[in-house]
Each structure stands twice: as C-alpha cells, then as structure tokens.
**Student:** 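One structure is given below, represented as structure tokens, and several questions about it will come after.
So that the names make sense, note that chain A is the first sequence line, chain B the second, and so on, each numbered from 1.
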Amino acid sequence: MTDSYHPARIEPDIQQHWEAQAAHRAERGSGERFYCLSMFPYPSGKLHMGHMRNYTIGDVISRYLRMCGRRVLQPMGWDAFGLPAENAAMANGVPPAEWTRRNIAHMRTQLKSLGFAIDWERELATCDPDYYRWNQWFFLRLLERGVAYKKTGVVNWDPVDQSVLANEQVVDGRGWRSGALVEKREIPMYYLRITDYAQELLDSLDQLDGWPERVRTMQANWIGRSEGAEISFACGTETIKVFTTRPDTLMGATYMAVAAEHPLARKAARDNPALAEFIALCQQGGVSEAELATQEKLGMDTGLKAIHPLTGAELPVWVANYVLMGYGEGAIMAVPGHDERDFEFALKYELPIVQVVSLPDGRAYDASSWHEDYVVKSGQLLNSGPYDGLSCEAGFEAIVNDLESRSAGRARVQFRLRDWGISRQRYWGCPIPIIHCDHCGDVPVPDEDLPVRLPEDLVPDGAGNPLARCEAFVNTTCPKCGRPARRETDTMDTFVDSSWYFLRYTCSDNDQAMVDEQTNAWMPVDQYIGGIEHAILHLLYARFWTKLMRDEGLVAVDEPFARLLTQGMVLAETYYREDAAGRRQWFNPADVDVERDDKGRFVRALLRSDGQPVHAGGVEKMAKSKNNGVDPQALVDQYGADTVRLFSMFAAPPEQSLEWSDAGVEGAWRFLKRLWSGVRAHLDTGSAGGGLDPTRLDQAGLELRRLLHETIAKVGDDFGRRYTFNTAIAAIMEFSNHLNRYQQEPAADRSLCQEAWTGIVRLIAPVTPHIAEALWQSLGHAGSVFDAGWPAVDESALVRQTVTLVVQVNGKVRGRLALPPDSPREQVEHLAMAEENVRRFVEGQSVRRVIVVPNKLVNIVVG
RNA sequence: GCCGGGGUGGCGGAACUGGUAGACGCGCCGGACUCAAAAUCCGGUUCUGGAAACAGAGUGAGGGUUCGAUUCCCUCCCCCGGCACCA
C-alpha cells in the first residue's frame, strides 16, 4: 500500500483485473436475478455529465445488490439512429454511420474508464442490421394483425429545402436552415394503433407502484380518458360529428367549429375565396402542440348551417384554428357559456353566449367576462327546455338517451392519446420494409429477405431524404409479381428502436429470434433509471411495445419496468459578456475565477485569461449554447473515476437536479485521501490483534461500535430502499470522521478499528469501487470486496445507554434531558419541569397540557 | 396555453410517519505546521442583539388547521421538465 492515494495508479489495474476475471458477467453468482437498466445513450460524441450521473446511479444499485448476493445484469448499448448524425454529416461531410461508430468507440472507452460493472458481452447498437432487422420483422407482424396501418398525417414542411422538419428544426415558425416560413403538409405515413391499448395502458399504471407518482400522473393525463358523447349535427347533405364531454350543455351550443383541415371546411372553401385564404393562413406555422395552443384564436364563418339535433335550430359553422384535426372528430359544438376557449372565441366574433347551468350560491351569470365556476358541474340545467331543473349528471343521461333514440348520438369514451405515427422522412433510421409496386400496391418485404439494409455511405445535405435519391436502394423488384418496384424510403421513428432494446440485451447472441426464453427469465427490468424528460413518450411507447410483443406471444410480462427512477438534470453556473449589440458571449466555468468577501459571499467573477470581469448568468442545465458543460473525462483524468463518481452521488439526491461544483469535487477528493490515510494509519499501528470482543470495550469503544452499526443500517437502507445516495455518503463521512478521531486515542481498540475500516470499505464500495478494492486488500483480505458480502448489522451494538429528550414550552425548545431509554412518562414530566430554564418560562402561568413523545420530546403547554 | 415538478444558511443539500431546522460537504474566518507557499491538521460559521449565558426572528409570499408545520390545507409569486419529428 502506498503512503498516499494515487487513483491513476490503481484504477486501470483494477479495471483490467475485473475484465480478466469477467467480474461483471451477468451469469456470475447464484442468487436471485436482478435486472438493472440505465437508459442507453445517444452516441453524440463524448460522454456528458448527464450520462455519467445516470450510469453511476445504476452502478451503485447494481454493485450494492451484487454485494447482497443478487445475480445482477447491467447492460449497455447505443441509441444509434437519429437526427444529430445527419446534422453532423451536413456539417462535416462524414457519413452518419462512420460518425456514429467512431463516437461509440470513444464513448465505450470512456464508460470503461469510469469502472461501471457492465456486462459488455451484451452490448448492442440500434444501427446494426442484427438489431434493426427485428424492428422490421415485428413491424410486418403488426401489419398482418392490423395494428400497423397507413393514413395521412400532418408534418412541418420547409418549402425551400423541400424537406420535412422536426419540431426542433422549426424556430419561430421558420425552417432553421432556410429561414423559410414553415407550412403544414399532409403526407401518407404508417401508424401503430396505440389507441387500441389506451385503456390498458391507463389501467396498468395502477400496478406500477415502483414508479414515481408524478410520472404515473403525467402518463394518465397524456392518455387522457374522458367520458362524453358523440353527437351528429346535420349540415346540408353532410353530417358534422363532434365529441363532447359536456352533452348536458347541448342546449347551450350556439355555433359549430371545425378544424381548417376538416373536409367540410375544404368543401366550403371551394366557392369561397376568402375562406380558402383563411384556411391557407391556418396552414402556416408548425405542427407542435405548444405552438398551436399559444397562437391567437382565429376563425371565419363558412356560411354553412348545422341543425341542432334536439331543437332543430340553425347553428353557424365556423372554421377555427383552436380546433385540432388530430383530436376527437376535428369538429366541436361550441358552448361559450361553459367553455373558456369557446367563450373567448364567441366574445371576439360576437357570437351568442347562453347560460345553461346555474351557478353555485345563486351567483349571477356575467356574459361579458369569464369565470372559473362556469365549468362546474354542480348546478342545475336552465334555458334547456325539457331538461330545465335537472342536475348535470341527470341532464347528461337524459340528453344522451334522447339523442340515441333519434340516432343522433351516443355515449362514448374518448382518449387524448393519438395513434403513433412511426414514419420519418429521414435517412439515418431503420428502413420500413415495404415495396411499392404499381401493380400490387404496398407489398411487405418477405421475412426471408430481411433485413432491408440501410446503405451506410450516404451523406445528407439538408434537402430531402438522400435515401429517396439512392437508386441502388430504391430500385428493386416486387416480391409478388416480380416486376420492377420501388422501396419505401421512409425510416422508422427512433422511439421504435428504444421501445424494446431492453429485451434484446437478455438474448443479444441469438441471431435466430427477436427474443427467447432468456428474455422471460430476466424480465421485467427490476430497476430502470433515466432522465425525467422521458417520463411520457419513451416510457409510454416502451410499455405499449411490450404489450404488443406479449400479444404476439413473444414475452410473458405485461409491463417492462417494475421500478423506475427518474434522475434530475445536471446544471452548472453560467458566465457571459455582452457586446454592443446586446449579444452574449458565454464563458466556460473552468475559465472563470470567482472572488468572495470575508463571509464567503459572491463578489464578482473574472475571466482568467484577461483578468476582466464577466457577468454571472445563474445556474442552468449544462448545454453547448451556454458553454457551461463540464467534461467528465477531464475530471476523471485529474482526480480518478472514484472522486467523480463520489461527488456526483453526494451533491444531490438522484431525483433532483445536480449543480456541478469543482470545489465540491475537491471535497470528494479530500474525503478519499482521508479514507486512504486513515486505513494506512490503522495498518501502521501493527497487528489488528485477535477477534473483537465487544464486552471488553470501554465507553468510547462501545459508542464507536454503536455508530458503526447504526451507519451500516442507515447506508443499507439508503442504498436498498430510499435510493438517497447523498445521505448514505454523508453517513459514511460522518462515521469515518469519528473513526479517525477514535483511532488516534491511545486506548483505542485495534480489533474494533479493523472491524470499522472493513465495514466502511464495504459500505463505500458501490460508489467508489476502485479504492474499495485496493483498501480491501490492504486490510488483509484476498479476493474482491464485491465477493465479500454486505456487512451485517449487530443488533446488540445498537443498544443505547441514554437518549436525549427535548423539552419545549409552548413549542419552543427550552432545555434537554439525558435519560435512559423508555423512561416512564411521570419521571420525564417531573424532570422536565425541574429544568432551570424550563421553570423560567412556566413560572406564573398555569400548565394546561403536557405532551410526551417517548424518547423524543416533552412539550409543556402553558398560558 | 395545457400537464407535471420544485423553492430551506454565502453555496450544494439534510430533517424518512406532523415532533430538536440547517446532518454531511463546499466556501469563508481564525489557529497549527512551514523560511515561504501548496498540501494537511485543529477550532468557528443561519440572521439580529449580547463578552457569554441566553433571547428574538427564520424553510419563496400571505393566510389556515394543530400543543407543535420545511412536512397537511387554501391563495399568490418565481424557476424548471414535457407537449407527440431532439433524444
């Protein structure tokens, strides 16, 4: 053992040793299986702090459970298809395949240098044909079952680049490269019927009790089940079908509104140029919901009249940009009296507003301004003819019944969730295995011809999909009739790739089948860890895909992830200077020095290169745009993997955002140095001397041993149940402070010190595995610390001689009592009253109550 | 706009079931060691008053429930995540 801690010397050796021993192979061990999965990274170039944090959390859990005797699978792979590779190709002229594979190689090296207990034999990349062939194979099964189907969908269209744009490529309504105004355009796409699974996806959320409540709530709201009615309004020879959650307010409907894309709107526009112009206006802008929901409400009368199915009254039909074609029927009955958006619209276009539900406490209705209580369902119907006086519930039922008897409507459940469009007009993705034949139509590629390989040498240029221009790919023959035909050039949404990768890890060596019996042996994933930003889409699609595979008889589980941990973002301070035009130039925190006053408060920040001040821009998510990224690799090179791992686990609990601090890293480094020198000092005193005999310990020894076993209990609880690694580490630090102090006493018991150090080394091992292995051997053990087992709590060591009770008067602390545990209530009260300081506050007042919480607190209520 | 989450010392955070607010770490202040510096070690550190004992205030703002509220309820402010083609 060296005198001081040198991570650069020990870490590579230990990593090589693990590799030589195949220490992280999932088949090792004999205990119950545990599948610990971290969300796989997009290979963007190099590891960032978010990855580092995510995988450290997974590694701590994996290594802790491994020490507890579980057989742990911790795999790793690459979410390797996607837009950034195409953007990099445009910038550098390098094919996405080459760029991606180079990034993977580099990031794999980085992950290895961090010492994660990953079973690398199962590694996969979604851009490998061996992986994506199964996307294609399963897509064909879904097509056979009718789960996959084709229909048109709306996309962002850049008229200059002649390209479909992703939502993030639309900036302020314009294409990010061309600057052209973006238009909505309808194109044919493949969809998956996730709405057929909406009810099951909603219902089984209840079983996911290992998921954070907020994620379940977000998913439930996303699925958005609502009970209401479908109502048909005659409109000339056509019918306008609407869905409403408030059929009870039908008598308050004063106009109809349809989406700009609604067939009726298009028809009406044919001989109405003004309306056609308005519809064209609605086609401008992007398709994202945030954009649609925040735009100004606009509308135009079509001149058409719809017939109210109960009263026969004529209602004007409007086109309105707040009605979405993608939700419900693309048309609504507007009840401005009891819907805020309809109200706003009616007020703007001077449409009639009718109150049909009475307000609570007989409040007066005000048709000139909106009030929240207009949507309440607790009142009685009025202005509703035969339904007057009914409650909303009764009115709902009566009106739906009447509609049904006239074949003008029925009760129906509607989901907010829409079917999943999986077609992407992009090159770097999994080809959709379809061949278009002029004679046979859309023909699935036969299973034996899979995979449809993506050519890997194309370079996108931003103008459309290069795959569509790749003759060698596009031109083929029809599998049915053998005549010349064209391949589909759309690729799959990358969410398809990430919807089942966790299944493939369990059987990645099987080239005959998508999954096998190993899959059912490992599934479900016991613990899934990833960013909160995936709370809805990725997790919902993965749940859905798992159910699809279950219904195909491929997997046994209903739900893929038993327990979910959503980690927070990694943040860092930002610094900038403003130029004359008000543009900000951002400086990396590593290049800035901070001056503080003598109370440690921030005074100013100076750029190291020129000594001149910069502005502090607050703490933000690490991002290229703010130049506040901290490179984990630089820190690993400087301090070693253990220090970086330790700080990232210590600085915040996993669910919260983590603020990066170089000074904090320094603190983690100091702790590991003290740990090293503490063990070193212990070993320098000579032999540990026989076994520990607790009965021969003095007061200080008993106290230290109690702290040791309290710490073992606390750390095990924090690692195993709470997943609050920060408090586990704090407890280990606290105990090691005590131990360092204790072992400097001349009367310190050497055997107790030995027990304590071997305890600490095992407790910290999941977080800082390299130093733990090294110290474990220094303390005289052969073999790996991860084979040593988790330390056991000695219950007898936990017994306390005294407990401290707080004495309060009227809820304010006025004194403390040191008493044997479980002292009788009378004695506690008596001693509390006798306290000098307590008497001062009780004197002259009458004692009304005395509350005693055993072993904790006495509160004397006076007054 | 809609859905979800958060706000505690100079800073990151702790307080797990309504019971001592500020564990642990950073920073800062003072001291030891050193020719000196770095590193290391020891002590102090919520704010206000006080030499101290101690007292008062204090968990985004305001109100409520309770013997007792960071924790439960109501109203408001600010920050962050998601919104279906970023992953």
**Student:** One pair to check against salt bridge (Lys or Arg N to Asp or Glu O under 4.0 Å): A/Arg816 and A/Glu836. What are the steps and the verdict?
**Tutor:** CA-CA 11 Å; A/Arg816 285 181 173 75; A/Glu836 175 70 36; over 6 Å; no

**Student:** For B/rC33 and B/rA38, measure between their P atoms and round to the nearest Å.
**Tutor:** 15 Å

**Student:** When the P atoms of B/rC74 and B/rG4 are compared, how many Å lie between them, rounded to an integer?
**Tutor:**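 Going atom to atom, P in each nucleotide, I get 14 Å.
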
**Student:** Rounded to whole angstrom units, what separation is found between the CD1 atom of A/Ile422 and the P atom of B/rA84?
**Tutor:** 18 Å

**Student:** Would A/Thr574 and A/Glu620 count as having a side-chain donor-acceptor pair, cut-off 3.5 Å?
**Tutor:** no

**Student:** Evaluate the ring planes of A/His538 and A/His534, with Trp represented by its six-membered ring, and classify them as parallel (under 30°), tilted (30 to 60°) or perpendicular (over 60°).
**Tutor:** perpendicular

**Student:** Going by side-chain contact (heavy atoms from CB on, under 4.5 Å), A/Thr491 matches just one of A/Val496, A/Leu467, A/Ile432. Which one?
**Tutor:**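 Exactly one candidate clears the test, A/Leu467.
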
**Student:** Provide a list of protein-nucleic acid N or O atom pairs under 3.5 angstrom, restricted to nucleotides 85-87 of chain B.
**Tutor:**
unit_1	atom_1	unit_2	atom_2	d
B/rC85	OP2	A/Arg424	NH2	2.4
B/rC85	O4'	A/Arg424	NE	3.2
B/rC85	O3'	A/Asn167	N	3.4
B/rC85	O2'	A/Asn167	N	2.6
B/rC85	O2	A/Arg426	NE	3.4
B/rC85	O2	A/Arg426	NH2	2.1
B/rC85	N4	A/Gln425	OE1	2.6
B/rC86	OP2	A/Asn167	N	3.4
B/rC86	OP2	A/Glu168	N	3.0
B/rC86	O4'	A/Glu168	OE1	3.2
B/rC86	O4'	A/Glu168	OE2	3.3
B/rA87	OP1	A/Leu83	N	2.9
B/rA87	O3'	A/Asp79	OD2	2.5

**Student:** For the pair A/Asp3 and A/Arg680, find out whether any cationic side-chain nitrogen is under 4.0 Å from an anionic carboxylate oxygen.
**Tutor:** yes

**Student:** With C1' as the reference atom in both, quote the distance from B/rG18 to B/rU66 in angstrom, rounded to an integer.
**Tutor:**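 After rounding to an integer number of Å, I get 9 Å for this pair.
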
**Student:** Mind checking who B/rC72 pairs with, Watson-Crick or G-U wobble, both distances under 3.5 Å?
**Tutor:**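 With both distances under 3.5 Å, B/rC72 matches B/rG64.
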
**Student:** Take A/Lys621 and A/Arg674, find for each the nucleotide of RNA chain B with the closest heavy atom, and name the residue whose nucleotide sits nearer the 5' end.
**Tutor:** A/Arg674

**Student:** Describe the nucleic acid contact of A/Met569 in one word from base, sugar-phosphate, nothing, applying a heavy-atom distance below 4.0 Å.
**Tutor:** sugar-phosphate

**Student:** Taking only side-chain nitrogens and oxygens of A/Asn221, does any of them come within less than 4.0 Å of OP1 or OP2 of B/rG4?
**Tutor:**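 So the side-chain polar atoms of A/Asn221 do come within 4.0 Å of the phosphate oxygens OP1 or OP2 of B/rG4, strictly under.
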
**Student:** Please measure how far the P atom in B/rU17 lies from the corresponding atom in B/rG6, and state the result in whole Å.
**Tutor:** 14 Å

**Student:** Measure from CZ on A/Phe841 to C1' on B/rA55 and round the result to the nearest Å.
**Tutor:**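 Computing the A/Phe841:CZ to B/rA55:C1' distance gives 7 Å.
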
**Student:** I'd like to check A/Ile529 versus A/Met39 (side-chain heavy atoms, cut-off strictly below 4.5 Å). Are they in contact?
**Tutor:**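 No, every pair of side-chain atoms sits at 4.5 Å or beyond.
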
**Student:** Measure the distance from CG on A/Leu324 to P on B/rG1 and round it to the nearest whole Å.
**Tutor:** 17 Å

**Student:** Check whether any side-chain nitrogen or oxygen of A/Arg814 sits under 4.0 Å from OP1 or OP2 of B/rA55, and answer yes or no.
**Tutor:**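 Answer is yes, contact under 4.0 Å.
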
**Student:** Quick one: which of B/rG1, B/rC67, B/rA23 gets closest to the side chain of A/Val861?
**Tutor:**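 Of the candidates, B/rC67 comes closest.
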
**Student:** Whether A/Arg341 engages the ring of A/Tyr322 as a cation-pi pair (distance to the six-membered ring centre under 6.0 angstrom, angle to the ring normal within 45°) should be assessed.
**Tutor:** no

**Student:** Answer yes if the ring centres of A/Tyr501 and A/Phe40 are under 6.0 angstrom apart, and no otherwise.
**Tutor:** yes

**Student:** Assess the pair A/Trp420 and A/Tyr191: is the distance between their ring centroids shorter than 6.0 Å?
**Tutor:**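 Here the rings of A/Tyr191 and A/Trp420 have centres that are no less than 6.0 Å from each other.
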
**Student:** Could you state the CD-C1' distance from A/Gln219 to B/rC2, rounded to the nearest angstrom?
**Tutor:** 17 Å

**Student:** Would you please confirm or rule out a distance under 4.0 Å between OP1 or OP2 of B/rU40 and any side-chain N or O of A/Lys673?
**Tutor:**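 Checking B/rU40 against A/Lys673, a side-chain N or O does come within under 4.0 Å of OP1 or OP2.
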
**Student:** Between B/rA57 and B/rA21, how many Å separate the two P atoms, rounded to a whole number?
**Tutor:** 13 Å

**Student:** Taking the side chain as every heavy atom from C-beta outward, state whether A/Asp662 and A/Phe647 have any atom pair closer than 4.5 Å.
**Tutor:**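 They are not in side-chain contact.
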
**Student:** Contact class for A/Tyr191 (heavy atom, under 4.0 Å): base, sugar-phosphate, or nothing?
**Tutor:** nothing

**Student:** Whom does B/rC26 pair with, Watson-Crick or G-U wobble, provided both distances fall under 3.5 Å?
**Tutor:** B/rG10

**Student:** For the P atoms, the ones on B/rC11 and on B/rA23, what distance do you get once it is rounded to whole angstrom?
**Tutor:**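 To the nearest whole Å, 15 Å.
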
**Student:** Heavy atoms under 4.0 Å, any strand shown: does A/Ala290 hit a base, just sugar-phosphate, or nothing?
**Tutor:**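 Base, at least one base heavy atom under 4.0 Å.
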
**Student:** Searching all strands shown, indicate the nucleotide that pairs with B/rU40 (Watson-Crick or G-U wobble; both distances under 3.5 Å).
**Tutor:**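 B/rA32 - that is the nucleotide pairing with B/rU40, both distances being under 3.5 Å.
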
**Student:** Going by an N to O cut-off under 4.0 Å, is there a salt bridge joining A/Glu86 and A/Arg426?
**Tutor:** no

**Student:** Touch check for A/Ile732, heavy atoms < 4.0 angstrom, all strands: base, sugar-phosphate only, or nothing?
**Tutor:** nothing

**Student:** Under a 3.5 Å cut-off for both distances, is B/rG56 Watson-Crick or wobble paired, and to whom?
**Tutor:**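 Paired with B/rC47.
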
**Student:** Do A/Glu710 and A/Arg800 sit within salt-bridge range, that is, some charged N less than 4.0 Å from a carboxylate O?
**Tutor:**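 A/Arg800 and A/Glu710: salt-bridged.
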
**Student:** Polar pairs (N or O, both sides) under 3.5 Å between protein and nucleotides 57-61 of chain B?
**Tutor:**
unit_1	atom_1	unit_2	atom_2	d
B/rA57	OP2	A/Lys812	NZ	2.7

**Student:** Can you check whether A/Asn837 has a side-chain N or O nearer than 4.0 Å to OP1 or OP2 of B/rA53?
**Tutor:** no

**Student:** Checking one value: the base orientation of B/rG9, syn if chi is within 90 degrees of 0, otherwise anti.
**Tutor:** syn

**Student:** Any side-chain N or O of A/Arg214 under 4.0 Å from OP1/OP2 of B/rC3?
**Tutor:** no

**Student:** Determine the Euclidean distance between corresponding C1' atoms of B/rG43 and B/rG7; express it in Å to zero decimal places.
**Tutor:**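 It comes out at 34 Å once rounded to the nearest Å.
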
**Student:** Could you tell me how far apart A/Gln744 (CD) and B/rU40 (P) are, to the nearest whole angstrom?
**Tutor:**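 Interatomic distance, CD of A/Gln744 to P of B/rU40: 16 Å.
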
**Student:** Would the number of heavy atoms belonging to other residues, nucleotides or ligands and lying under 6.0 Å from CG of A/Asn737 be above 12?
**Tutor:** yes

**Student:** Taking the C1' atom in each of B/rC79 and B/rA61, what is the distance between them to the nearest angstrom?
**Tutor:**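 Those two atoms are separated by 15 Å.
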
**Student:** Polar atoms only, N or O, under 3.5 Å: list the protein pairs with nucleotides 9-20 of chain B and their distances.
**Tutor:**
unit_1	atom_1	unit_2	atom_2	d
B/rG12	O2'	A/Ala651	O	2.8
B/rG13	OP1	A/Ser657	O	3.4
B/rG13	O3'	A/Asn726	ND2	3.4
B/rA14	OP1	A/Asn726	ND2	3.0
B/rA15	OP1	A/Arg722	NH1	3.1
B/rA15	OP1	A/Arg722	NH2	3.0
B/rC16	O2	A/Arg721	NH2	2.7
B/rC16	N4	A/Lys714	NZ	2.7
B/rG19	N2	A/Asn859	ND2	3.4
B/rU20	O2	A/Arg816	NE	3.4
B/rU20	O2	A/Arg816	NH2	2.5

**Student:** Using the ring of A/Phe841 (Phe, Tyr or Trp, six-membered ring only), decide whether A/Lys812 places NZ or CZ under 6.0 Å from its centre and within 45 degrees of its axis.
**Tutor:** no

**Student:** Is it true that A/Glu595 and A/Arg601 make a salt bridge, defined as a side-chain N closer than 4.0 Å to a carboxylate O?
**Tutor:**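 The answer is no: the pair does not qualify as a salt bridge.
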
**Student:** Using purine N1 to pyrimidine N3 plus N6-O4 or O6-N4 for Watson-Crick, or N1-O2 and O6-N3 for G-U wobble, each under 3.5 Å, what pairs with B/rC2?
**Tutor:**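 B/rG82 - that is the nucleotide pairing with B/rC2, both distances being under 3.5 Å.
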
**Student:** With a non-hydrogen cut-off below 4.0 angstrom, is A/Ser288 in contact with a base, only sugar-phosphate, or nothing?
**Tutor:** sugar-phosphate

**Student:** Which residue, A/Asn810 or A/Val215, contacts RNA chain B at a nucleotide closer to its 5' end, judged by nearest heavy atom?
**Tutor:**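 Final value for this comparison: A/Val215.
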
